[in-house]
Amino acid sequence: METLSTPLLYLPRYSTSLTVNNDHEHPVFLHLKRCTNSSQLKQIHAQMLRTGLLFDPYSASKLFAASALSPFSSLDYARKVFDEIPKPNLYTWNTLIRVYASSREPLQGVLIFLRMLHESPYYPNKFTFPFVIKAATETFSLCVGQALHGMVIKASLEADVFISNSLIHFYMSCGDLDSAYRVFMMVGEKDVVSWNSMITGLAQRGCAEKALQMFQNMEEQNVKPNDVTMVGVLSACTTKLDLEFGRWVHSYIERNGISVNLTLNNAILDMYTKCRSLEDAKSLFDMMEEKDIVTWTTMLDGYAKLGAYEEARQILDTMPRQDIAAWNALISGYEQNGMSKEALSIYHELQQSKIAKPDEITLVSTLSACAQLGALEVGDCIHAYIKELGIKLNCHLTTSLIDMYSKCGDIKKALEVFYSVEKRDVFVWSAMIAGLAMHGQGKAAIDLFSRMQETMIRPNSVTFTNVLCACSHAGLVKEGKTFFGMMEPVYGIAPELQHYSCMVDMLGRAGLLEEAVEFIEKMPMPPSDSVWGALLGACQIHGNVELAEQACSRLLELDPGNDGAYVLLSNVYAKSGKWEGVSRLRKHMRVTRLKKEQGCSRIEVNGVIHEFLAGDNCHPLSKEIYSKLDEIVVGLKSAGYVPNKSQLLQLIEEDDMQEHALNLHSEKLAIAFGLLYVEASQPIRIIKNLRVCGDCHSVAKLISKLYNREIILRDRYRFHHFSRGHCSCKDYW
DNA sequence: GTAGGGTTAG
């Protein structure tokens with residue numbers, strides 16, 4: 001520790017008077033200019049205090065600027081210096097606002113500004129406003145910015161292009177595009193930054209077309225674009241996923257001699273990966289002489305999202321520093337491509353290696369993977385980890401937790417999370433409504449939707465999909481029709497295909513097949529495969545062969561490879577004893593080599609996921625499982641169970657064999673495994689990739705009674721809670 | 001003596 005008795009610098013002891021007489025060449029300023037570390041700065045500070053130079057506002061401002069802006073100084077130290085200055089001048093106030101505006105506490109910038117208005121004799125000048133507007137931008141404080149805008153006008157400073165540009169950026173960041181545009185229009189001499197602020201603002205708000213239109217206007221006005229302009233334009237291309245236009249922009253940059261720096265190269269690279277051209281991305285990546293963490297992460301993300309996992313992994317292993325963004329890119333790449341097991345394994349690797357610390361984004365992706373897999377125990381661990389680290393739940397995390405708990409079958413925990421948070425955005429509300437819907441709690445879902453209306457949060461298109469889905473699963477036809485009718489007139493949300501599908505599903509399930517058909521006929525757009533699929537599903541429930549045939553052929557016109565359509569139609573035939581229809585379908589599937597998606601059920605025991613396929617004997621405990629299954633069948637038969645073969649795609653002709661095939665359904669294997677290895681106090685949680693068949697549904701009900709166990713089964717569309725011989729779906733599914 | 005706009009992971 002250096003002390004003042006061993007100075008690093010020799011500071012001549014001037015006999016200073018308090019006034020400096022405009023002697024700006026005071027030697028202490030020279031030292032200040034040459035100062036390279038904080039110890040030297042402190043010595044100068046001490047010297048100025050001793051000599052009283054600090055009482056001169058101009059000299060003090062010099063010291064303060066050095067304390068606030070030099071790379072080796074800290075904001076805390078600068079603040080201490082500021083507090084010692086008896087009469088800070090306007091320059092000093094401006095500098096303090098400036099450093100706070102770009103610090104981690106931008107709000108302080110606004111507060112200091114207010115203090116300046118009260119305590120100082122100065123009125124803000126053309127330099128003050130850009131700093132304080134930046135502070136308002138960083139805090140997303142619309143009313144503060146609006147007030148500042150008012151002050152700018154009163155001070156007759158609205159013609160200042162720097163201030164106007166700050167205001168444009170501010171309004172864009174707050175999402176007030178109209179105000180940004182108004183300020184933009186008022187700027188007399190728009191410079192390149194004015195245009196850039198509009199272009200990047202629009203691009204970041206997802207208004208790609210408007211951003212590109214702005215770019216065109218800019219060219220027409222003969223304002224020469226620079227590298228920042230092109231980053232904004234590329235961002236718009238990336239939103240549009242328009243590779244051809246992206247390539248044109250790349251060549252435009254080269255043709256117009258726009259200087260390409262690292263950031264611009266990164267933006268071009270991102271455009272190529274998002275527009276799915278790995279070739280273009282790779283060749284740019286290889287050519288780039290300078291790369292930073294963004295370059296590496298962008299390339300890694302491109303590989304991972306497009307399924308080139310080996311290449312992605314190689315980037316991770318060779319990049320100079322594996323920060324958390326890189327791990328997140330790999331995890332989300334797997335998760336978004338439905339490879340949840342791989343996503344979880346990367347997450348585990350990350351935790352064990354401790355190379356980087358998981359952040360909110362890591363947790364959101366990993367929770368989604370848990371939700372897909374139904375990995376409740378892993379999901380629970382992540383929730384515990386969040387609590388342990390004291391991570392505050394933001395809306396993204398809250399949504400992911402609610403989604404994970406709902407999809408893993410623990411609706412109570414999902415509700416706990418929902419009620420534990422103070423802040424809920426439209427995604428949080430929608431996720432909770434979806435959770436209740438998939439658990440068949442339609443009434444609760446609707447109640448929640450009503451409570452949502454009491455808040456300022458406006459429902460979006462997804463919210464309505466979830467509400468209609470809730471009505472459909474719970475048979476709430478009247479309510480569903482009301483909500484559907486309100487969408488456009490009350491909420492200004494035009495119904496989309498998924499809303500029509502939900503309505504057809506709802507009407508169809510309720511047996512209103514004619515009404516469902518009329519509804520389809522009145523659709524303002526061509527019905528999609530999922531609309532016909534909903535109708536076909538309803539036909540299966542209500543055994544309407546003729547309509548099923550029509551729905552199936554319309555569905556196959558749109559999606560010829562839809563194996564589910566054949567299965568559903570086959571079930572309709574089987575249900576009404578039309579075996580010739582069944583074998584015709586079977587033959588057709590054989591000829592076209594279309595295979596029914598294999599049924600697969602999953603169960604998690606002690607954090608390990610066990611997977612079963614129909615008739616599968618790959619499991620190491622296969623023998624025990626099958627003997628348990630035999631025991632169950634004997635027990636069920638003596639309780640009066642008769643196998644229900646109506647929903648079996650008739651691949652096996654003989655009766656005995658049919659029954660055998662039924663017994664081998666994957667969910668039955670998983671239930672047998674659960675009875676053997678899940679603690680008696682715990683529910684048996686199973687996840688199936690397809691819809692549960694009627695026979696398995698009755699069997700699960702009986703088992704829940706005979707063995708006095710709770711079984712929670714997630715199928716492709718919803719949950720079934722079996723308990724004491726009943727199912728939560730009330731056999732309406 | 002002070003100023004404004006940009007790229008990656010949800």
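Residue numbering restarts at 1 for every chain, and letters A, B, ... go by the order of the sequence lines.
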- Task: Output yes when a side-chain donor or acceptor of Glu360(A) lies under 3.5 Å from a complementary backbone atom of Asn394(A), and no otherwise.
- Result: no
- Rounded distance in Å - CG (Leu32(A)) to P (dG1(B)): 16 Å
- Look at all strands and tell whether Asp323(A) reaches a base, only sugar-phosphate, or nothing, counting heavy atoms closer than 4.0 Å. nothing
- Message: Using a heavy-atom cut-off of 4.0 Å across all strands, would you classify Asp191(A) as base, sugar-phosphate, or nothing?
- Response: base
- Which of these nucleotides, dG6(B), dT2(B), dA9(B), is closest to any side-chain atom of Ile324(A)? dA9(B)
- Among dA3(B), dG1(B), dT8(B), the one nearest any side-chain atom of Thr297(A) is dT8(B)
- From the candidates dG6(B), dG10(B), dG1(B), the one with an atom nearest any side-chain atom of Asn394(A) is dG10(B)
- Base, sugar-phosphate, or nothing for Thr263(A), non-hydrogen atoms under 4.0 angstrom? base
- Message: Using whole Å, what does the distance between atom P of nucleotide dG6(B) and atom CG of Asp292(A) come to?
- Response: 16 Å
- Here the distance between atom P of dT7(B) and atom NE2 of His250(A), to the nearest Å, is 18 Å
- Cation-pi check, Lys134(A) to Phe170(A): give yes when NZ or CZ is under 6.0 Å from the six-membered ring centre and within 45° of the ring axis, no otherwise. no
- Any Gln336(A) side-chain N or O less than 4.0 Å from OP1/OP2 of dA9(B): no
- What is the distance, rounded to the nearest whole Å, between atom NZ of Lys291(A) and atom C1' of dT8(B)? 15 Å
- Proximal nucleotide (of dT8(B), dT2(B), dG6(B)) relative to the Phe127(A) side chain: dT2(B)
- Under 4.0 Å between a side-chain N or O of Lys274(A) and OP1 or OP2 of dT7(B)? no
- Task: Run through Thr137(A), Thr200(A), Leu177(A) and flag the one making a side chain to side chain contact (heavy atoms under 4.5 Å, CB included) with Met172(A).
- Result: Leu177(A)
- Whole-Å gap separating P (dG1(B)) and CD1 (Ile97(A)): 20 Å
- Which nucleotide in the set dT8(B), dA3(B), dT2(B) lies at the smallest distance from any side-chain heavy atom of Asp270(A)? dT8(B)
- Is any side-chain N or O of Asn261(A) under 3.5 Å from a base N or O of dG6(B), one able to act as donor and the other as acceptor? yes
- Look at Ser332(A) and dA9(B) and indicate whether a side-chain polar atom (N or O) is within less than 4.0 Å of OP1 or OP2. no
- Task: Name the closest nucleotide to the Phe131(A) side chain, picking from dT7(B), dA3(B), dG10(B).
- Result: dA3(B)
- Checking Lys190(A) against Phe184(A): charged group under 6.0 Å from the ring centre and within 45 degrees of the axis? yes
- Options dG6(B), dA9(B), dA3(B), nucleotide nearest the side-chain atoms of Asp160(A): dA3(B)
- Query: Separation of Asn265(A) atom CG from dG6(B) atom C1', in whole Å?
  - Reply: 13 Å
- Message: Taking any heavy-atom pair under 4.0 Å as a contact, classify Ser164(A): base, sugar-phosphate, or nothing.
- Response: nothing
- Message: Ignoring hydrogens and geometry beyond distance, is the side chain of Ser235(A) in donor-acceptor contact with the base of dG6(B) at under 3.5 Å?
- Response: no
- Item | Atom-to-atom span, CG of Leu234(A) to P of dT7(B) - whole angstrom | 11 Å
- Query: For the side chain of His169(A), counting heavy atoms from C-beta on, which of dG10(B), dG6(B), dG1(B) is nearest?
  - Reply: dG6(B)
- Message: Just checking Glu254(A): does its CD atom have more than 12 heavy atoms from other residues, nucleotides or ligands closer to it than 6.0 angstrom?
- Response: yes
- Query: Is there a donor on the side chain of Asn266(A) or the base of dG6(B) sitting less than 3.5 Å from an acceptor on the other?
  - Reply: no
- Item | Donor-acceptor pair, side chain of Ser400(A) and main chain of Leu363(A), under 3.5 angstrom | no
- Message: Without decimals, in angstroms, what is the distance between Tyr303(A) OH and dT8(B) P?
- Response: 19 Å
- Is Asp227(A) touching bases, backbone alone, or none of the nucleic acid, heavy atoms closer than 4.0 Å? base
- Item | Glu335(A) with Lys305(A): basic N within carboxylate O range, under 4.0 Å | no
- Item | Asn94(A) side-chain proximity, nearest of dA3(B), dT2(B), dG10(B) | dT2(B)
- The side chain of Ala329(A) lies closest to which of these nucleotides: dA9(B), dA3(B), dT7(B)? dA9(B)
